[in-house]
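Scroll down for the structure; my scribbles are underneath it.
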Amino acid sequence: MPDQPTPLPYLIIDFDSTFTQVEGLDELADIALENSPEREKIVGQIRALTDRGMSGELGFAESLKQRLALLPARREHLPLLVERLQGKVSESIRRNRSFFEQFPGRVYIVSSGFREFIEPVVGEFGIAPEFVLANTFTFDKDDHITGFDPDNVLSRDGGKIEQLRRLHLTGPVYVLGDGYTDYQMREAGLADRFYAFTENVARPAVVAQADKVLPSFDEFLYQNKLPMSLSYPKNRIKVLLLENPDPRAAELLRQEGYQVELVPGGLDEDELVERIEGVSLLGIRSKTQVTARVLEAANRLIGIGAFCIGTNQIDLTECLKKGVAVFNAPFSNTRSVVELALGEILLLARRVPEKNALMHAGKWDKSAGGAFEVRGKKLGIVGYGNIGSQLSVVAEAIGLQVFYFDIAEKLQLGNATRCRTLAELLAQADIVTLHVDGRPENTNLFGAEEFARMKPGALFLNNARGPVVDVPALAAALRSGHLDGAAVDVFPYEPKTNDEPFESELRGLPNVLLTPHIGGSTAEAQRNIAEFVPERLMQYINTGNTQQSVNFPNIQLPEQAAHRLMHIHHNVPGVLAQINQVLAAHSVNILGQYLKTNEHIGYVITDVDKQYEPALIEKLREIEHTIKFRVLY
Ligand SMILES: NC(=O)c1ccc[n+]([C@@H]2O[C@H](COP(=O)([O-])OP(=O)(O)OC[C@H]3O[C@@H](n4cnc5c(N)ncnc54)[C@H](O)[C@@H]3O)[C@@H](O)[C@H]2O)c1
Ligand SMILES: O=C(O)CC[C@@H](O)C(=O)O
């Protein structure tokens with residue numbers, strides 16, 4: 001946050017759809033009509049009238065009169081309404097409650113809504129009744145709401161203008177609101193600025209008149225160098241999402257208040273270099289290569305979300321050196337890949353790819369040649385991680401005998417047999433399936449030699465990563481008849497978009513199933529990923545939590561009522577000591593401190609007393625070997 005506070009101008013804040021997310025009268029109608037068959041219809045009519053009044057299409061007094069005439073509300077409904085509105089205060093206003101408490105006497109609520117429900121809601125924020133200027137209801141002797149006090153200036157057209165005039169405020173006056181009547185105070189020359197508040201509703205006619213548009217109250221505080229609960233407004237955080245992750249991802253990130261831009265398909269290095277400037281969060285899948293050059297151009301990048309399992313497309317070490325945390329979805333699509341692999345094994349064993357092609361060509365080839373049951377056959381799983389081990393369990397259930405080979409020590413599941421070498425596995429498996437990760441050392445893990453070691457007539461599957469297999473060698477093993485069939489979902493080069501043709505030596509070979517990298521492409525997996533990855537990114541931004549980051553030291557942090565400072569530095573001796581010296585020199589009390597390092601970086605989270613001088617932040621930034629420093633809250 002900028003550190004020089006300016007004197008607070010008078011703030012005139014609208015209530016309905018600004019201070020709260022909703023319109024009070026709409027909600028009152030909803031409550032009053034709870035058991036009425038007409039509820040939906042009448043609430044709809046009231047909403048339409050509210051909108052016409054707010055956008056300036058219908059005179060305000062007329063809109064209010066027509067709305068109240070439709071409203072069958074009673075005094076007893078008001079406490080229910082207040083309770084509902086207290087739960088619907090706009091998010092950014094709610095989180096900056098302490099701002100309102102700090103500046104009593106500078107904030108007025110000027111509203112054409114009703115005092116009966118506004119006062120108790122804003123009162124919780126320290127705004128006293130004399131700073132609430134609003135209409136009042138009239139009631140009949142049976143406590144039915146009959147209308148509004150016509151002597152109240154706010155019930156008339158131009159009422160807000162007249163009300164503000166009567167306040168005789170001296171000094172700068174800023175108006176924040178979502179409606180045309182809010183803008184009119186500025187138009188009448190009574191306010192210095194009109195901020196269109198769009199967190200809940202953005203009315204084009206109102207936005208068009210604004211001096212500034214505020215997607216959140218944080219943005220107002222930030223622009224005016226006023227104290228705020230967040231260190232940086234969320235609406236300034238730009239997210240670039242590539243390769244079409246499930247729409248739920250954009251929805252969640254937008255709900256958080258971020259600006260989200262979507263680019264269908266992937267971008268090549270040059271294109272990404274051009275687009276990455278100013279981006280705080282990048283979301284990709286398996287195609288986009290995040291290279292050192294891309295990272296060099298990424299001047300604001302904080303985190304990358306890989307909406308998939310594999311992260312070999314990202315230069316993880318370079319990310320570390322730039323202080324960019326990377327998160328993926330390590331098991332959201334595991335089951336989908338397992339189901340595809342199992343299906344492929346069954347189809348290849350019955351030569352379905354070949355029979356299917358013949359049938360489509362009008363050829364009836366009923367024969368048992370080359371078809372076998374998988375029951376009792378040996379399945380060799382190379383890479384016994386999340387997918388390999390899950391496949392092991394499912395494959396045993398249909399009678400396959402499982403053998404596996406992994407370079408790491410792995411828990412043996414069910415009746416699976418561990419092979420000590422790849423050669424041992426290849427020598428006995430009837431079906432070999434690859435589930436290793438895409439680390440550079442695995443390039444061409446399977447070539448002519450490995451295929452030659454496989455049993456004649458064996459089947460081969462690659463649902464892991466394209467470069468792991470030498471495709472010409474696989475094609476040769478299939479053409480020679482040494483292998484009886486293969487299923488391949490991943491390729492060393494994959495088309496960037498669905499419009500680009502697919503080229504491969506495997507095309508046209510019999511009993512070969514080719515799929516366009518869809519192992520994890522199921523509705524379930526994509527939805528799981530789209531929830532998992534944004535959650536990790538948001539947690540990192542909001543709390544510094546790096547649990548499950550694929551490159552950062554993993555720290556799971558407790559919540560703390562404090563200021564939280566995040567410091568990422570090159571892993572050299574003495575940086576923590578320097579941080580603590582700076583804190584001590586500014587008499588700042590450390591409430592908690594968490595440090596983890598890896599071979600490249602040190603990651604320190606420090607929770608400190610609420611009170612500190614802005615100069616402290618500068619000193620922490622200046623510490624030698626600092627890669628990134630952020631005040632989280
Ligand atoms: N086709 C798809 O759409 C799709 C979907 C999801 C995942 N994947 C890919 O599947 C692969 C496995 O995913 P996962 O979630 O099980 O990963 P994982 O990290 O849980 O498991 C990988 C395992 O392979 C082992 N391994 C690495 N190199 C090896 C080698 N040379 N020999 C033997 N074992 C080796 C590792 O020790 C680890 O146990 C990854 O490459 C991933 O990118 C593909
Ligand atoms: O959806 C993708 O692009 C990749 C899927 C898969 O390979 C993964 O790594 O999870």
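All values reported here derive from a predicted model rather than from experimental measurement. Just follow the structure's listing: the first ligand is 1, and inside any ligand the first atom is 1.
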Under a heavy-atom criterion of less than 4.0 Å, does K287 contact ligand 2? no

(message) Heavy-atom contact check, 4.0 Å cutoff: does G310 meet ligand 2?
(response) yes

Please state which protein non-hydrogen atom is closest to [atom] and give its distance, to 0.1 Å?
atom                    : result
atom 12 (C) of ligand 1 : H435 O, 3.3 Å
atom 5 (C) of ligand 1  : V337 CG2, 3.2 Å
atom 9 (O) of ligand 2  : R465 NH2, 2.6 Å
atom 3 (O) of ligand 2  : S286 OG, 2.7 Å
atom 1 (N) of ligand 1  : D489 OD2, 2.8 Å
atom 26 (N) of ligand 1 : I407 CG1, 3.8 Å
atom 8 (N) of ligand 1  : N463 O, 3.9 Å
atom 42 (C) of ligand 1 : I309 CG2, 4.1 Å
atom 6 (C) of ligand 2  : H517 NE2, 3.5 Å
atom 9 (C) of ligand 1  : A464 O, 3.5 Å
atom 8 (C) of ligand 2  : I309 N, 3.2 Å
atom 20 (O) of ligand 1 : N386 N, 2.9 Å

Side-chain ion pair, [X] and [Y], N-O less than 4.0 Å:
X    : Y    : value
D365 : K355 : yes
K377 : E373 : no
D607 : R564 : yes
R236 : D218 : no
E91  : K234 : no
E339 : R335 : yes
R418 : D406 : no
E296 : R293 : no
E251 : R254 : no
E277 : R300 : no
E261 : K238 : no

| said: With no hydrogens and no angle check, just 3.5 Å: does a side-chain donor-acceptor pair link T288 and E243? | reply: yes

Can you confirm whether the side chains of Q526 and D246 place a donor and an acceptor under 3.5 Å from each other? no

Residue [X] vicinity, atoms of ligand 1 by number, heavy atom under 4.0 Å:
X    : result
L445 : 31 (N)
G310 : 43 (O)
G520 : 2 (C), 3 (O)
G385 : 16 (O), 20 (O), 21 (O), 23 (C), 39 (O)
K410 : 39 (O)

Exactly one candidate in T515, L474, N463 meets side-chain contact (heavy atoms from CB on, under 4.5 Å) with V488; the answer is L474

Test side-chain contact (heavy atoms from CB on, under 4.5 Å), reference E219, set V213, T198, N235, output is N235

Do any nitrogen or oxygen atoms of [X] come within less than 3.5 Å of a nitrogen or oxygen of ligand 2?
X    : value
R285 : yes
C308 : no
E243 : no
Q526 : no

**Request:** Evaluate whether atom CZ of R453 has more than 12 neighbouring non-hydrogen atoms of other residues, nucleotides or ligands under 6.0 angstrom away.
**Result:** no

For atom CD of E441, decide whether the heavy atoms of other residues, nucleotides or ligands shown that lie under 6.0 angstrom number more than 12. yes

Closest heavy-atom pair, V469 versus N462, reported as atoms and distance to 0.1 Å, is CG2-ND2, 3.4 Å

Next on the checklist: For F532 together with F327, are the ring centres under 6.0 Å from each other?
Outcome noted: no

* Centroid-centroid distance, Y222 to Y232, less than 6.0 Å -> yes

Judging by distance only, is a nitrogen or oxygen of [X] under 3.5 angstrom from one on ligand 1?
X    : value
N333 : no
G388 : no
G519 : yes
T334 : no

Going by the 4.0 angstrom heavy-atom rule, the piece of N333 near ligand 2 is side chain

Heavy atoms only, cut-off 4.0 Å: how does [X] contact ligand 1, side chain, backbone, both, or neither?
X    : answer
E441 : neither
D406 : both
V468 : neither
I387 : both
V436 : both
L422 : neither
F331 : neither

(request) Mark the output for R439 as yes if a heavy-atom distance to ligand 1 is under 4.0 Å, and as no if none is. (result) yes

